[in-house]
Amino acid sequence: MARARRAKATELIERLVADGRVVISEPGDDEAAEWRRVVDYAKRHGLEPQGKRTEKARFGKRGLETILVEGPHPNTRASPCPASLPTPGSVTSASVS
């Protein structure tokens, strides 16, 4: 199951890189659920290209559209940790002086 989903997710990302969007017109309930799982798998397992993200939305009455867009998700928070931390000795010696 995981290999099949990974293969589908990899194929989806390749199609998105080539075409920018993928539309599934009027999928059945099972197909729509599987498509959402594939998109979520790609997100969770870091298959999206660097600096891009996938977004999915309804298309028409029952269709699904997945697009590849630039940048982080608008709800992504900046990391509260600095990119680099001082070494423990430098903090201790600076505060003891």
**Item:** salt bridge (charged side-chain N to carboxylate O under 4.0 Å, His left out) against Lys43, all qualifying residues, sequence neighbours excluded
**Value:** none
**Message:** Same cluster or not: Ile67 versus Trp35, using hydrophobic residues (I, L, V, M, F, W, Y) connected whenever any side-chain heavy atoms lie under 4.5 Å apart?
**Reply:** no
**Request:** Could I get the full list of side chain to side chain donor-acceptor pair (under 3.5 Å) partners for Arg5, not counting sequence neighbours?
**Result:** Glu34
**Complete:** Note: Ala2 and Tyr41 closest approach over all heavy atoms is O-OH, 4.1 Å
**Prompt:** Who pairs with Asp19 by salt bridge (charged side-chain N to carboxylate O under 4.0 Å, His left out), at least two apart in sequence or on another chain?
**Reply:** none
**Message:** Quick one: does any side-chain atom of Glu48 pair with a main-chain N or O of Thr54 as donor and acceptor, under 3.5 Å?
**Reply:** yes
**Request:** Output, in order, the C-alpha distance, side-chain angles, deciding distance and verdict of side chain to side chain contact (heavy atoms under 4.5 Å, CB included) for Glu11 and Val38.
**Result:** CA-CA 10 Å; Glu11 179 185 343; Val38 168; over 6 Å; no
**Message:** Nearest 0.5 Å, please: how far is OG1 in Thr66 from CG in Leu64?
**Reply:** 6.5 Å
Could you list the donor-acceptor pairs under 3.5 angstrom formed between side-chain atoms of residues 21-30 and any protein atom two or more places apart in sequence or on another chain?
| residue | atom | partner | partner atom | Å |
| --- | --- | --- | --- | --- |
| Arg21 | NH1 | Glu65 | OE2 | 2.6 |

**Asked** For Arg3, does the CZ atom have more than 12 heavy-atom neighbours from other residues, nucleotides or ligands under 6.0 Å away?
**Response** no
**Asked** When rounded to the nearest 0.5 angstrom, what is the spacing between NE2 in His45 and CD1 in Ile13?
**Response** 13.0 Å
**Contacts of type side chain to side chain donor-acceptor pair (under 3.5 Å), residue Glu70, not counting sequence neighbours** = Lys52
**Request:** Please list, chain by chain and in numerical order, all residues satisfying salt bridge (charged side-chain N to carboxylate O under 4.0 Å, His left out) with Arg36, sequence neighbours excluded.
**Result:** none
**Request:** For residues Pro49 and Val17, report the shortest heavy-atom separation together with the two atoms involved.
**Result:** CG-CG2, 3.8 Å
**Item:** Test log, rule side chain to side chain contact (heavy atoms under 4.5 Å, CB included), inputs Arg6 and Leu47
**Value:** CA-CA 9 Å; Arg6 183 174 190 84; Leu47 299 178; 3.6 Å; yes
